[in-house]
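For reference, the structure I am asking about is given below.
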Protein chains: 2
Amino acid sequence: MTTEISSARQQILETASDLFYQKGIQHVGINEVIAASGVAKRTLYRWFPSKDLLIEAVMQYRAAQWSSWFETAVSERGNTPKERLLSTFDVLRDWYASPSFRGCPFINAVLEIADASHKAHQVSIDLRESIRQIIIRLAAEAGVKNPDLFSRQYLLLIGGASLMATIEQSPDGATFAQTALSVLIDANIGD
Amino acid sequence: MTTEISSARQQILETASDLFYQKGIQHVGINEVIAASGVAKRTLYRWFPSKDLLIEAVMQYRAAQWSSWFETAVSERGNTPKERLLSTFDVLRDWYASPSFRGCPFINAVLEIADASHKAHQVSIDLRESIRQIIIRLAAEAGVKNPDLFSRQYLLLIGGASLMATIEQSPDGATFAQTALSVLIDANIGD
DNA sequence: GACAAGGTAGACAAACTTGTCTACCTACTT
DNA sequence: AAGTAGGTAGACAAGTTTGTCTACCTTGTC
């Protein structure tokens, strides 16, 4: 067997990830994933005993990818803590403006699945918390007085910007958020 | 026929509205709406020739209700323009804290339907615009220098707060947003 | 060679979904 | 009375969805 065949699980995961994101989790059935990934149904169920488990695995896979991407992109921008904070919305604006953007997959999943007990819901909560921890660190470095409150306000802005990008199909939310964030930073430094 | 029977359409609309909101649009089939509303299938299809048309009608119905409720609640609070702006998040916090809260129906619908060409998507866009117009008016009254930008930042905050309430099941996002909004107001007045 | 692991195609089946239709009823208007 | 409008119960049907299963293949290990 070649490497390709021994990575059927990976192929399924990536294919499902793309399809779920592009069309919506509830709009893509497992037969579509099978057809697009080129694996047999037996194989899919061998690795993912149910659709819910596939969804969960996909969300975890995407969360790991997104976190990695975000941390890397942010760390490569800005020279000062404040710049780095603001640059996060430059990173996001690029994402929102990309042709394949179809919303934040972690927000999408929670609302599409509409079940707070689903494991994918917890993945979203965990990801938000990891974003918040990044922001707390950057905010503290920038001398923000209350990094905890600031990080929660940050989550509001990032959520709102993502929604604006999704609903109004405009990446400008990132710029509005950046402007607001700059005001919040200045209001919370130096007093 | 009694009044009750002549309002079958209204009964369907209200029942579907509740079910779609509580369980998710894609998770409720028309047979469930029929069973819960007590109308015949023939009657449902008489008034709503397809599920999509029912969804559209429901979203329009909810948008009218929501707008009315929001305007009224806001107009009854605050004595100054700034207070009125901030009070919007008091109104929203109460909503987020209510037992039946399950997210913003207009955000939910867009993400659940996952089709930008669906009429319900436009309903959400229009509602956001109507919120924005309310905020532009209040902001101008408060002396905010750039009501347009401010109103867009407001949309970010209201979207983010709704998501926080939905995903983290915490109404505190409204408080964080209120704090941020207060800073934004102060930073945009008087210079 | 025998067995295990991982793979293939796709048939099968129960349940669900949306929408169409039959047959009938009630109340109102002309 | 006849016709219209709005209503009832629910059968029917095609298509979709998730999951189970049959039959077979390839590769690697013992």
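Lettering follows sequence order; numbering is per chain, from 1.
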Exercise for the section: Would you check if Tyr154(B) and Arg132(B) make a side-chain contact, meaning some heavy-atom pair closer than 4.5 Å? Expected result: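 No; the side chains remain at least 4.5 Å from each other.
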Practice task
Using atom CG of Asp52(B) as one end and atom C1' of dT18(C) as the other, report the distance to the nearest whole Å.
Solution key: 11 Å
Handout entry: For atom CD1 of Ile30(B) and atom C1' of dG10(D), their distance in whole Å
Key =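 Taking atom C1' of dG10(D) as the reference, CD1 of Ile30(B) is at 12 Å.
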Handout entry: Distance in angstrom units between Arg46(B) CZ and dT4(D) P, rounded
Key =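 The distance from CZ of Arg46(B) to P of dT4(D) comes to 13 Å, rounded to the nearest Å.
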Exercise for the section: Write down the distance between CD (Gln11(A)) and C1' (dT8(C)), rounded to a whole number of angstrom. Expected result: 15 Å
Exercise for the section: In whole angstrom, give the distance that lies between atom CD of Gln26(A) and atom C1' of dT17(C). Expected result: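 Atom-to-atom, Gln26(A) to dT17(C), this comes out as 14 Å.
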Exercise for the section: Run the salt-bridge test on Glu168(A) and Arg128(B) with the 4.0 Å N-O cut-off and return the result as yes or no. Expected result: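 Yes, charged N to carboxylate O under 4.0 Å.
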Handout entry: Nearest-0.5 Å distance that lies between atom CZ in Arg152(A) and atom CG in Asp172(B)
Key = 8.0 Å
Handout entry: Spacing between Ile12(A) atom CD1 and dG6(C) atom P, to the nearest angstrom
Key =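 Those two atoms, CD1 and P, are 12 Å apart.
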Problem - Rounded distance [0.5 Å steps], OG in Ser162(B) versus CG in Leu163(A) - result: 7.5 Å
Handout entry: d(NZ, Lys23(A); P, dT17(D)) in whole Å
Key = 10 Å
Handout entry: Interatomic distance, Asn31(A) CG vs dC16(C) P [rounded to whole Å]
Key = 18 Å
Handout entry: Near-strand residues of residues 34-44 of chain A, defined as heavy-atom separation under 4.0 angstrom from DNA chain C
Key =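 Within this stretch, Gly38(A), Val39(A), Ala40(A), Lys41(A), Arg42(A), Thr43(A) sit under 4.0 Å of the strand.
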Problem - NZ/NE/NH1/NH2 to OD/OE distance under 4.0 Å, Glu32(B) and Lys23(B) - result: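 Lys23(B) and Glu32(B): salt-bridged.
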Exercise for the section: Report the nucleotide, chosen from dG7(C), dT18(D), dT18(C), that has the shortest atom-to-atom distance to any side-chain atom of Ala8(A). Expected result: dG7(C)
Exercise for the section: Compare side-chain N and O positions of Trp47(A) against OP1 and OP2 of dG6(C) and report whether any pair is under 4.0 Å apart. Expected result: no
Exercise for the section: Assess Arg62(A) against Tyr21(A): is NZ or CZ under 6.0 Å from the centre of the six-membered ring, and within 45 degrees of the ring's axis? Expected result: yes
